[in-house]
Amino acid sequence: MTSRFAWRALPCVCAVRPATRTALLLPILPLWLGACSFTPGDKPPAMPSPAQYGVNALPAQTVAAQGVSQRFDVGAPPVKAWWHAYRSDKLDALVDEGLRNSPNLSSADHALQAAREQLKAQVGASLFPSIDIGGEAARERNLGIPNVRPPTALYNMFVGQIQARYTFDFFGTSRFANASLAAQVDQQAFQLTSARQALAANIVSGAIGASVLGAQVKATERLVELAQADATDMARREALGAVSRADALASAQNAESLAASLPGLRAQWQSTRHALAVLLGRTPDQAPDDLALGELKVPQTVPVAVPSTLLQSRPDIQAAEMALKAASAEVGVATAQMFPSLSLSASMGKGGFNWTTVMSNAGSLWSVAASISQPIFHGGALLAQRRAAQATYEAAVDQYKQTVLTAFRNVADTLASLEADNTALLHADNASAAAERIYRDTAARVRLGALPVSSARGREQQYWNAYLTTVRATGARLSDTALLFYAMGAPPEPVADTATPAAGAAATAPAGSQPPPSQDVARR
């Protein structure tokens with residue numbers, strides 16, 4: 001790649017007169033021929049492509065829970081607006097609001113625009129000649145020559161010039177620098193895409209988590225009421241001598257323990273709602289109402305990209321690849337700085353001590369100059385800079401490998417969790433349904449006088465505990481489905497034409513981007 005850059009510069013040298021061309025080429029030809037490997041290459045290292053993500057093979061579909069069996073569509077591309085698969089208009093509105101109003105995304109988007117313009121500015125300054133026009137008008141009083149009259153000189157001076165300067169990029173110093181900046185801009189663009197996906201996943205997980213916690217609060221409040229009724233009943237029976245004091249105290253302890261868990265659960269619910277409001281760009285006091293869990297329809301088909309495709313669909317992997325490209329180009333910059341540089345400059349204009357001279361041929365000014373520079377001794381600084389750039393490149397290669405492995409693990413963990421969620425929900429739902437039937441049968445017998453009221457309360461407590469397990473399992477399946485959509489990455493988007501010759505495409509990333517969604521949001 002480097003020698004391609006070098007040979008493109010050859011016509012510029014050949015345009016010089018033969019004698020000058022020979023004088024220029026002879027000293028730099030050995031260096032030029034030795035400069036064929038300025039960079040270590042900008043291709044990412046080959047990564048393993050496993051046949052399956054996890055330890056166990058992926059089934060075609062999960063077990064059916066609550067009447068829904070989720071099917072894994074292997075090889076399907078990632079879904080862009082995947083939250084629509086929950087078929088909830090309220091959820092769609094929340095995600096759209098967050099993507100539209102998030103200050104983090106807006107800040108990152110403006111930073112991206114600024115980086116693109118910076119790239120254009122650097123490319124324009126490095127690949128094209130600079131031309132400036134200037135003028136000066138001055139009136140000066142200076143000391144004259146000793147013993148020569150007059151002792152002082154008083155005069156006017158007028159100068160106007162056009163100046164041009166161009167540095168030949170024979171060894172690619174500017175081109176490598178431009179390629180590095182373009183790769184950094186692309187890296188930030190992929191990070192911005194990842195931040196958008198993470199924000200959507202966080203909003204979905206936050207909405208699900210708030211709904212789950214709200215349902216838990218209501219169920220726990222009913223459990224506290226039942227426990228307190230039991231404690232009151234046991235205290236009366238103890239006063240009558242029907243039960244022991246230890247039984248009465250145990251019942252009171254159970255009621256107080258349940259009541260003690262309720263404030264923390266309420267605080268966690270409110271905290272989740274506050275966090276969701278901030279994700280939407282609202283103040284915490286404007287948190288949206290909870291969605292009913294029944295409003296959210298679990299997606300029946302979820303895409304599962306093959307590992308080789310995941311490398312092109314995950315924005316974090318693509319960002320790591322761009323970081324590797326930027327580090328490779330920086331090695332080229334550090335190497336090219338060790339070779340000669342040639343600059344040409346020219347100027348023309350008018351000057352004189354009065355306007356008559358300025359406007360005549362006698363006031364014509366011009367200059368043409370060429371300068372060549374070859375670093376000889378910099379105290380080892382240039383070699384140290386190149387070694388530092390090579391070490392940074394090796395670190396970028398290692399970071400790319402780690403990013404890919406982490407992505408594979410992320411997908412494997414999410415698939416395993418989703419499969420387990422469906423199985424857990426199936427059993428929790430069956431247990432909840434059985435507990436509800438037992439409670440209703442017991443309540444009917446209590447109404448007939450066949451059983452005491454305390455029996456109905458005990459069965460109702462069992463039912464609400466089973467219901468809590470079902471709610472948590474429902475939330476886990478909904479949330480882990482969102483995490484799987486997020487783990488699949490994003491479909492490719494049209495690339496804006498921000499590049500200039502030799503710079504490549506570009507785009508920037510977020511400072512303060514959203515963190516990856518937490519797998520614990522809906523399970524707390």
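A donor-acceptor pair shorter than 3.5 Å can be found between the side chains of Q402 and T406. The closest side-chain donor-acceptor pair between T335 and R386 falls under 3.5 angstrom. Checking Q70 against T481 by side-chain atom types alone, a donor-acceptor pair falls below 3.5 Å. No donor-acceptor contact under 3.5 angstrom links the side chains of Q113 and R116, judged on distance only. S180 and Q184 form a side-chain donor-acceptor contact under 3.5 Å, judged by distance and modelled atom types alone. For the residue pair T414/D480, the side-chain donor-acceptor check at 3.5 Å is not satisfied. A donor-acceptor contact under 3.5 angstrom links the side chains of R314 and N410, judged on distance only.
No donor-acceptor pair under 3.5 Å is formed between the side chain of Q385 and the backbone N or O of V333. A donor-acceptor contact shorter than 3.5 Å links the side chain of T392 to the backbone of A388. Put simply, the side chain of S107 never gets that close to the backbone of N104: no donor and acceptor are under 3.5 Å apart. Remark: side-chain polar atoms of S102 are not paired, donor with acceptor, to backbone N or O of L99 under 3.5 angstrom. In this structure, T173 contributes its side chain and D169 its backbone to no donor-acceptor pair below 3.5 Å. Of the possible polar contacts, one joining the S211 side chain to the A207 backbone as a donor-acceptor pair under 3.5 Å is found. Checking side-chain atoms of D429 against main-chain N and O of L425 turns up no donor-acceptor pair under 3.5 Å. Remark: side-chain polar atoms of S69 are not paired, donor with acceptor, to backbone N or O of A65 under 3.5 angstrom. Judged by distance alone, with hydrogens and angles left aside, the side-chain atoms of Y439 form no donor-acceptor pair with the main-chain N or O of A434 at under 3.5 Å. Not a single donor-acceptor pair under 3.5 Å links the side chain of S328 to the backbone N or O of L324.
When the shell of 6.0 Å around CZ of R409 is examined, it contains 12 or fewer heavy atoms from other residues, nucleotides or ligands. Residue Q52 places its CD atom among more than 12 non-hydrogen atoms of other residues, nucleotides or ligands, all under 6.0 Å distant. More than 12 heavy-atom neighbours from other residues, nucleotides or ligands sit within 6.0 angstrom of CD on Q312. More than 12 heavy-atom neighbours from other residues, nucleotides or ligands sit within 6.0 angstrom of CZ on R457. The 12-atom threshold is exceeded at CG of D285, counting heavy atoms of other residues, nucleotides or ligands nearer than 6.0 Å.
Ion pairing between a basic and an acidic side chain is recognised when a charged N comes within 4.0 Å of a carboxylate O; R100 and E97 show no such pairing. Salt-bridge formation is not detected for the pair D441/R437: no Lys NZ or Arg NE/NH1/NH2 atom is positioned less than 4.0 Å from an Asp or Glu carboxylate oxygen. Remark: R222 engages E460 in a salt bridge, criterion side-chain N to carboxylate O under 4.0 Å. Ionic pairing of R266 and E221 is present here: one or more N-O contacts between side-chain nitrogen and carboxylate oxygen are shorter than 4.0 angstrom.
Side chains of M47 and K401 form a contact here, defined as non-hydrogen atoms less than 4.5 Å apart. You'll find the side chain of W82 reaches within 4.5 Å of the side chain of Q197, heavy atoms only. Contact of the Q122 side chain with the Q118 side chain is not registered, since no non-hydrogen atoms from C-beta on lie closer than 4.5 Å. Looking only at side-chain heavy atoms (C-beta outward), L418 and N422 come within less than 4.5 Å of each other. Within the 4.5 Å cutoff, no side-chain heavy atoms of D73 are placed close to those of V304. Side-chain contact between F339 and F170 is absent, with no heavy-atom pair separated by less than 4.5 Å. Contact annotation: the side chain of L383 approaches that of M338 to within less than 4.5 Å [non-hydrogen atoms, C-beta and beyond]. At least one side-chain heavy atom of L280 sits under 4.5 Å from a side-chain heavy atom of R282.
Considering every non-hydrogen atom in both T403 and A320, the closest pair reads OG1-CB, 3.9 Å. When every heavy atom of Y86 is checked against every heavy atom of P299, the shortest pair comes out as CE2-CD, 3.8 Å. Here the closest non-hydrogen pair linking A428 and A473 is CB-CB, 4.5 Å. The nearest pair of heavy atoms linking A277 to T283 is CB-O, 3.6 Å. Pairing each heavy atom of A490 with each of P315, the nearest pair is N-CD, 4.1 Å. The two atoms that bring A227 and L258 nearest to each other are CB-CD1, 3.7 Å, heavy atoms only.
For the atom pair CD (Q390) and CD (E330), the distance works out to 13.0 Å, reported to the nearest 0.5 Å. Going from atom CD of E321 over to atom CG of D316 covers 12.0 Å, rounded to the nearest 0.5 Å. One finds the CG atom of L291 at 5.5 Å from the OG atom of S88 (value rounded to the nearest 0.5 Å). Note that the CG atom of L105 and the NE2 atom of H110 stand 12.0 Å from one another [nearest 0.5 Å]. Here CH2 of W464 is found 12.5 Å from CD of Q216. Values are rounded to the nearest 0.5 Å. Note: L91 CG to I208 CD1 = 7.0 Å, rounded to the nearest 0.5 Å.
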Evaluate the side chain to side chain contact (heavy atoms under 4.5 Å, CB included) criterion for residues V68 and R477: first the C-alpha distance (whole Å), next the side-chain angles of each, then the deciding distance (0.1 Å), finally the verdict. CA-CA 11 Å; V68 177; R477 180 170 73 160; 4.2 Å; yes
For V212 and L293, run side chain to side chain contact (heavy atoms under 4.5 Å, CB included): C-alpha distance rounded to whole Å, both residues' side-chain angles, the deciding distance at 0.1 Å, then the answer. CA-CA 7 Å; V212 168; L293 286 178; 4.1 Å; yes
Between H274 and Q270, does the side chain to side chain contact (heavy atoms under 4.5 Å, CB included) criterion hold? Intermediate values first, please. CA-CA 6 Å; H274 295 162; Q270 293 172 2; 4.2 Å; yes
Criterion salt bridge (Lys or Arg N to Asp or Glu O under 4.0 Å) on R273 and D290, from CA distance to verdict: CA-CA 8 Å; R273 295 185 65 199; D290 290 343; 3.7 Å; yes
Run the numbers on Y486 and S194 for side chain to side chain contact (heavy atoms under 4.5 Å, CB included), then give the verdict. CA-CA 9 Å; Y486 169 76; S194 181; 3.9 Å; yes
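Ring geometry for Y53 against F408 counts as perpendicular: the plane angle is over 60°, on a 0 to 90° scale with 30° as the lower cut. Taking the six-membered ring where the residue is Trp, Y467 and Y463 present tilted rings, their angle falling between 30° and 60°.
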